[in-house]
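Here's the structure we're looking at; comments come further down.
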Amino acid sequence: EMAAVDGDVPGGVSNLLETGDSTAFVATAAAATGGAGEDEAGTAQPMEGVTPPGCDSSCAGEEQPPEAMETDEPPGAEEEEEEQQVEEEGDSEDGEDSAWVAVLLAALLPLLSDALPRDHSGVCIIPHPHEMEKQEASICIAGSGRTFFRTNKICDNCGQRIQDRFFFHCSANCDIDFCQECYRKSQELLAAFLERSGDEDRSAMNSRLFWVIDVIERVGYHVLRRSAVQRARLARELAFEWPASMFERLVQVAIDVINAKVVHVQDVKDITSDSRFWYAVGWLQFLYSANALPCGTRRLGEQGSRGPRLEYERFILEGINKCEPLSEFQRWRKHPSAQVPDVLALERFSLSADFCSFLTHSNLVPVSFRRVCLLCDVWEQLQQAGRTHPLQLEVPREPRALLEAVLAAFRGLEDSELRRPLRPTFAGEEAIGPGVMKEFFQVALRSFLGGGGGCGGGDDDGTAQPAVRLFKCNGHRRTYWFDEEASSSHDAFRACGILLGQAVLNNVLVPNIFPRVLYEMLLRDLESPCARPLGLQDLAVVSEDIAHSLQRVLDYPGEDIGRVFGDLGWSRTGRVPAGCHLTQANKVDFVQAYVEWFFSDRIACQFEPLSAGFRAILGGSSLLRSMVDAVQLEKIVCGGAVPIDAAAIRHGASHEGWTPEEQAEYLPMFWEVLASFTEAEKVQFVVFVTASDRVPLRGWQDLGLSVQKNGVGDDRLPTAYTCFCQLLLPRYTSRERLRASLLSAIANSEGFGLR
């Protein structure tokens, strides 16, 4: 039923996937060793009927094969008869059939692994099948007399508006455009890949790449069209019988193919038209569900049941970051109730409009893309309400006075008045823009952690009393939690929640200073279906002593449990029936009642105003209320936490004020020195230039570091403007002096101030 008939498939891949025929497997194995599937010159040939990504059949001058698969029509009589026959063959035949499919996948895996070129971020790409023509932009003159270039084009690689004089457009008039820099880099990458792969020329390379893509799409189609029983058996085969390394490679192959095609699919007006692509996405969801299967058996030496074979983050499709967030958000809004599909639970799988949307597959979507879609959601609401006029806020730099100004500005404002972009400035300073915005949030949040600003009182003689502390620091975990003594600081906690929401609205990442359970509670207040029940493990993050005591209750086996532990304050929770005593039968309910009380009643005076402030800014987002879990919300607010990649930072960096000779000799030495730092020293360096150790949402290559020359001389130390991520680096006489000066500068810098 695919675009090509079985006779055109190299090695009878389609036959084997459909029937499990061992004869076809022999043919496939022959293809893997140079048999069927190659021409006389030994070049792998794509399956007939494959339309190259990035264009439809009309732009390629071809017609779609009449056998192209249909997704909306019900199966015909022959299909129903075949499925009924399969169901009657019994479980043993299902198991044998699944084993053959697994064997085929194992045989094909070496041909599919690492078969596609990657960009500088490690995301797979495929070349556009048509030549790209160089075109010249229109020259325009602004009112100020400044000339600029207008293209009305967006680069399909970097996603930025093309403002160069020259750009590249598809010669067949596909909706594909590249800026000069991305086109140059793509040509360099493809040339290097061609040399490494050993393909004779670009045509042979393209044929092989499209063959790899076609195989994965066929695999997805045939697996998902099987019965639920057959799918479940294959999932268990892959999850529990395959070595973990092979399973990980299989997942990576699916990710590579989807990443390579995703931007081309999004360029088509009707993204549901490429049903092959969405079957590949369904195949990845199948592997995701297989990865999550619980293992009911234990192997020798295992102390408990195994969890997921791979971390769930391994399934993220970073290629989606190249898509247009606004278009995808508008597409998702037509199906806001769509949920992540569990392809193993479906009795019969079929593509639908809900399925053919990237945001539906929230478990595969990068947090960075989800964050931008969230901003699209919020900003659209602001525009509809006519509240795009910014909320001006002028504050002094002194922390206590700054907080007083923030509280005064927010006090008395309704939620609708707060739900607009914040534009802070520092008193007596003319600077405005992203740098000032970032610095304001850093100073304000640091001040909130140090004291409640305005929460303290004063003596009769006007002497200021110490401010009430809003949060307590957990030195071991390096996080902050509510100070229960600050029960009268309603305005301060509300202002803190407003700032967290405004940070997201203004696209500013804040330091990761709160435990994840806080984001779980924020989602619970939003009545999000993604909010999970809180448990003892969450309590342990904020109060280890209480969690340890409650764990002892759960672990105690004796029937005298009520006498041994006595009354631990169960009645104050209001969730334990009057006169009910602790027993072995109800100890789990007692502990859970205490946990729920702790995260609701006990800190209600602190959390409720903070949550109200957060909801005032972001509470209207339908995407936030339905598709974001606590892990993702934490990353949306704070960014990620991954090892620092000096090479990626270098790739995204710019250099100012250096001569060509210095760029060729001195700057490479600087990057080599940075790469040689220990992990702790790299963290110090990032804090030195950005005031935060968090990774940008789209990776370290998006740090945007600017390395500017700052004179010559060994007596100087490097300095930095954290607001602009700018390093002022002197030229030193030796590598040793460069390294020593850098280490001295970062060792004496001040970060966010976590103890």
Can you say whether the rings of Phe685 and Phe688 are parallel (under 30°), tilted (30 to 60°) or perpendicular (over 60°)?
tilted

Derivation of the side chain to side chain contact (heavy atoms under 4.5 Å, CB included) call for Phe277 and Ile213:
CA-CA 9 Å; Phe277 171 80; Ile213 292 171; over 6 Å; no

Do Phe482 and Phe493 make the cut of ring centroids closer than 6.0 angstrom?
yes

Test log, rule ring-ring contact (aromatic ring centres under 6.0 Å, His included), inputs His361 and Phe355:
CA-CA 8 Å; His361 305 270; Phe355 188 90; 4.6 Å; yes

Would you check if the side chain of Ser611 reaches a backbone N or O of Phe607 as a donor-acceptor pair within less than 3.5 Å?
no

Nearest-0.5 Å distance that lies between atom CG in Asn474 and atom CD in Glu544
6.0 Å

Where Leu418 and Leu391 come nearest, the two heavy atoms and their spacing:
CD2-CD2, 4.4 Å

Hey, does Leu509 have a side-chain heavy atom less than 4.5 Å from the side chain of Cys638?
no

Partner of Leu116 under side-chain contact (heavy atoms from CB on, under 4.5 Å), picked from Val253, Val257, Ile125, is Val257

Leu633 side chain reached by Leu624 side chain, heavy atoms, under 4.5 Å
yes

Okay, side chain of Arg184, backbone of Cys179: is any donor-acceptor separation there less than 3.5 Å?
no

Thr360 side chain to Asp354 main-chain N or O, any donor-acceptor pair under 3.5 Å?
yes

How many angstroms lie between CG in Leu344 and CG in Leu293, if you round to the nearest 0.5 Å?
6.0 Å

Measure the shortest side-chain to side-chain distance between Phe514 and Tyr519 over non-hydrogen atoms and say whether it is less than 4.5 angstrom.
yes

By side-chain hydrogen bond (donor to acceptor under 3.5 Å, both in side chains) - contacts of Asp415 (at least two apart)
none

Minimum heavy-atom separation for Ile258 to Ala280, with atom names?
CD1-O, 3.5 Å

Which is it for Val372 and Phe329 under the side chain to side chain contact (heavy atoms under 4.5 Å, CB included) test, yes or no, and what are the steps along the way?
CA-CA 9 Å; Val372 179; Phe329 168 70; over 6 Å; no

Using the rule given for side chain to side chain donor-acceptor pair (under 3.5 Å), can you reason through Arg331 versus Ser357, listing the C-alpha separation, both sets of side-chain angles and the distance that settles it, and then say yes or no?
CA-CA 7 Å; Arg331 192 177 297 117; Ser357 169; 5.9 Å; no

If you measure from the Lys or Arg side-chain nitrogens to the Asp or Glu carboxylate oxygens, is any gap between Lys185 and Asp119 under 4.0 Å?
no

Within 6.0 angstrom of Gln384 CD, more than 12 heavy atoms from elsewhere:
yes

Output, in order, the C-alpha distance, side-chain angles, deciding distance and verdict of side chain to side chain contact (heavy atoms under 4.5 Å, CB included) for Glu679 and Ile644.
CA-CA 7 Å; Glu679 187 61 32; Ile644 294 171; 3.9 Å; yes

Exam field: side chain Arg118 to backbone Gly122, donor-acceptor pair closer than 3.5 Å:
yes

Please give me the minimum heavy-atom distance between Gly535 and Phe599, naming the atom from each residue.
O-CE1, 4.5 Å

Student check: side-chain heavy atoms of Pro117 and Leu209 closer than 4.5 Å
yes

For His335, what residues pass the ring-ring contact (aromatic ring centres under 6.0 Å, His included) criterion, not counting sequence neighbours?
none

Counting N and O atoms only, with roles assigned by atom type, does the side chain of Trp278 sit under 3.5 Å from a partner on the main chain of Ile271, one being a donor and the other an acceptor?
yes

Indicate yes or no: at least one non-hydrogen side-chain atom of Val504 is less than 4.5 angstrom from one of Val637.
yes

Given 3.5 Å as the limit, does a donor-acceptor pair link the side chain of Ser528 with the main chain of Arg524, or not?
no

Looking only at heavy atoms, the pair that brings Cys473 and Tyr480 closest together is CB-CE2, 3.5 Å

Contact list for residues 505-522, test salt bridge (Lys or Arg N to Asp or Glu O under 4.0 Å), sequence neighbours left out
Arg516-Glu634, Glu520-Arg532

Hey, does the side chain of Arg370 reach the backbone of Ile636 with a donor-acceptor pair shorter than 3.5 angstrom?
no

Search all heavy atoms of Ala254 against all heavy atoms of Ile216 and return the closest pair with its distance.
CA-CG2, 4.5 Å

For residues 609-629, which residue pairs qualify under ring-ring contact (aromatic ring centres under 6.0 Å, His included), counting only residues two or more places apart or in two chains?
none

Rounded to the nearest 0.5 Å, what separates atom SG in Cys155 from atom CZ in Arg161?
12.5 Å

From Leu250 CG over to Leu284 CG, what is the distance, rounded to the nearest 0.5 angstrom?
9.5 Å

Heavy-atom donor-acceptor pair, Gln383 side chain to Glu380 backbone, under 3.5 Å:
no

Suppose we call two aromatic rings close when their centres sit under 6.0 Å apart. Are Phe369 and Phe358 close by that rule?
no

Heavy-atom closest pair (Lys635 atom, Val367 atom, distance to 0.1 Å) is CB-CG1, 3.6 Å

Please answer whether the main-chain N or O of Cys323 pairs with a side-chain N or O of Glu328 as donor and acceptor at a distance below 3.5 Å.
no

When rounded to the nearest 0.5 angstrom, what distance separates CG in Leu500 from CG in Leu610?
6.0 Å

Hey, are the side chains of Asp274 and Lys261 touching, using non-hydrogen atoms and a 4.5 Å cut-off?
yes

Chi angles and distances behind the side chain to side chain contact (heavy atoms under 4.5 Å, CB included) call for Gln285, Asp342
CA-CA 7 Å; Gln285 288 286 13; Asp342 185 353; over 6 Å; no

Can you give each donor-acceptor pair under 3.5 Å made by side-chain atoms of residues 647-654, sequence neighbours left out, with the distance rounded to 0.1 Å?
none

Salt bridge present between Asp377 and Arg625 (N-O < 4.0 angstrom)
no

Indicate yes or no: at least one non-hydrogen side-chain atom of Cys496 is less than 4.5 angstrom from one of Phe471.
yes

With the side chain counted from C-beta on, respond yes when Leu534 and Phe598 share a heavy-atom pair under 4.5 Å apart, and no when they do not.
no

Set of side-chain hydrogen bond (donor to acceptor under 3.5 Å, both in side chains) partners for Arg423, sequence neighbours left out
Asn506

Supply the atom-to-atom distance Gln632 CD to Asp629 CG, rounded to the nearest 0.5 angstrom.
3.5 Å

Please check if the side chain of Ser543 supplies one atom and the backbone of Leu539 the other of a donor-acceptor pair under 3.5 Å.
no

Look at Glu311 together with Arg314 and state whether they make a salt bridge at an N to O cut-off of under 4.0 Å.
no

